[in-house]
Undergrad: 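Pasting in a structure now, in structure tokens, and then I'll have a few things to ask.
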Amino acid sequence: MILTGAGISAESGLKTFRDSDGLWEGYDVYDVATPEAWERNPALVQDFYNMRRKSVLEAKPNAAHYALTQLEDKYDVVIITQNVDDLHERAGSKNVIHLHGVITKSQSSINADLVYDIEGWELKMGETCELGSQLRPHVVWFGEAVPMIENAIQIASQADIFVIIGTSLAVYPAASLIDYVPYSSPKIIIDPNTAPVGGIHDLKIIRETAGTGVPKLVEELLI
Ligand code: OAD
């Protein structure tokens with residue numbers, strides 16, 4: 001099982017959230033990524049995600065995304081990503097679960113099960129779902145449930161190897177997944193600035209960027 005965060009897409013030119021030049025330096029999360037923000041000022045929220053969708057569409061997968069696809073030659077790989085970009089899929093990974101949604105899709109603002117592909121970068125105010133309600137980005141906002149978490153916990157609890165790449169592990173429930181991994185399974189973190197993680201058995205920390213560290217790890221795992 002591979003758990004990824006914004007750091008894996010940093011070398012594709014997409015900003016992380018909590019690094020010094022990260023997205024949450026320029027925006028207040030409560031203004032753009034909560035249900036209350038959407039109620040208060042949906043156009044502002046829509047604009048924020050339109051800009052991010054534009055960046056995602058312009059970005060390309062990097063060496064780390066591509067290296068992970070090679071693991072599928074030898075392992076049953078599940079990628080659980082907190083990222084709303086689709087760079088894992090574009091690199092060719094077959095089994096990707098998006099914990100926080102995907103920015104290239106929209107959803108009904110009254111029924112989260114109604115999900116649609118977005119053509120291009122812009123989701124406009126006035127575009128509606130089949131029930132007539134405004135379409136919003138298909139992303140999980142702070143304060144909303146994370147529907148895929150039960151599935152992810154199930155997979156974590158059966159993982160033979162658990163690799164974490166480019167996440168500050170600051171956001172729950174994603175950050176708690178490591179607690180479900182079997183005691184005896186190796187756990188590996190690749191992140192140049194990872195905070196100290198205590199109390200985890202068989203944990204190895206590789207302080208490198210994803211673009212350098214992931215291809216090296218994949219090579220080792222394929223031997
Ligand atoms: P963060 O911005 O919190 O953390 C990014 C991590 O990537 C940090 O630990 C960096 O050290 C690391 N990093 C930076 N450059 C890297 C590189 N080139 N290679 C590898 N690692 C690098 O992003 P996330 O942990 O993904 O949620 O954030 C989790 C969630 O918080 C996001 O999914 C988003 C956000 O608010 C929602 O929007 C619901």
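Predicted, not measured: the structure shown is a model, and the values here were computed from it. In listed order, ligands and their atoms are each counted from 1. Reckoned from all heavy atoms, side chains included, excluding hydrogens, waters and symmetry mates.
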Undergrad: Tell me which part of Val140 gets within contact of ligand 1: side chain, backbone, both or neither, using heavy atoms under 4.0 Å.
TA: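 Under 4.0 Å from ligand 1, Val140 contributes backbone atoms alone.
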Undergrad: Please confirm whether Trp141 comes under 4.0 Å of ligand 1, counting heavy atoms of the residue only.
TA: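 Heavy atoms of Trp141 never come under 4.0 Å of ligand 1.
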Undergrad: Applying a heavy-atom cut-off of 4.0 Å, say which part of Thr16 lies close to ligand 1: side chain, backbone, both or neither.
TA: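 Both backbone and side chain.
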Undergrad: Of the backbone atoms (N, CA, C, O) and the side-chain heavy atoms from C-beta on, which set of Arg18 has a member under 4.0 Å from an atom of ligand 1: side chain, backbone, both, or neither?
TA: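 Arg18 to ligand 1: contacts from backbone and side chain alike.
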Undergrad: Can an N or O of Glu208 be found at a distance shorter than 3.5 Å from an N or O of ligand 1?
TA: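 The answer is no, given that Glu208 and ligand 1 share no N or O pair closer than 3.5 Å.
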Undergrad: Report yes or no: do Thr69 and Ser93 form a side-chain donor-acceptor pair below 3.5 Å?
TA: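 No.
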Undergrad: Drop me the distance from Gln82's CD to Leu99's CG, to the nearest 0.5 angstrom.
TA: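 So the CD of Gln82 and the CG of Leu99 are separated by 6.5 Å.
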Undergrad: Within 45° of the axis and under 6.0 Å from the centre of the six-membered ring of Trp141, does NZ or CZ of Arg136 qualify?
TA: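 Yes.
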Undergrad: Any nitrogen or oxygen of Ile190, main chain or side chain, under 3.5 Å from a nitrogen or oxygen of ligand 1?
TA: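 No, no N or O pair falls under 3.5 Å.
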Undergrad: For the OG atom of Ser9 and the NE2 atom of His65, what is their distance to the nearest 0.5 Å?
TA: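 Going from the OG atom of Ser9 to the NE2 atom of His65 covers 3.5 Å.
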Undergrad: Report yes or no: does a heavy atom of Ala33 sit under 4.0 Å from some atom of ligand 1?
TA: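 Distance cut 4.0 Å: Ala33 fails for ligand 1.
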Undergrad: State whether the shortest distance between N or O atoms of Asp191 and N or O atoms of ligand 1 falls below 3.5 angstrom.
TA: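 It does: an N or O of Asp191 is found under 3.5 Å from an N or O of ligand 1.
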Undergrad: Please check if the number of heavy atoms outside Lys74 that lie under 6.0 Å from its NZ is greater than 12.
TA: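 Count over threshold, so yes.
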Undergrad: Counting non-hydrogen protein atoms only, what is the nearest one to atom 16 (C) of ligand 1? Give residue, atom name and distance.
TA: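 For atom 16 (C) of ligand 1, the nearest protein heavy atom comes out as Gly7 O, 3.6 Å.
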Undergrad: Polar-atom distance check: Gly166 versus ligand 1, any N or O pair below 3.5 Å?
TA: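 Yes - when backbone and side-chain N and O of Gly166 are compared with those of ligand 1, one distance drops under 3.5 Å.
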Undergrad: If you measure from atom 21 (N) of ligand 1 to every heavy atom of Gly5, Pro192, Ala210, which option wins on shortest distance?
TA: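 The residue whose heavy atom sits nearest atom 21 (N) of ligand 1 is Pro192.
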Undergrad: Using the six-membered ring wherever Trp is involved, compare the ring planes of Phe17 and Trp24 and label them parallel, tilted or perpendicular (cut-offs 30° and 60°).
TA: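 Ring orientation, 0 to 90° scale: tilted.
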Undergrad: Working to the nearest 0.5 Å, report the span between CD1 of Ile149 and CD1 of Ile80.
TA: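 It is 8.0 Å, given to the nearest 0.5 Å.
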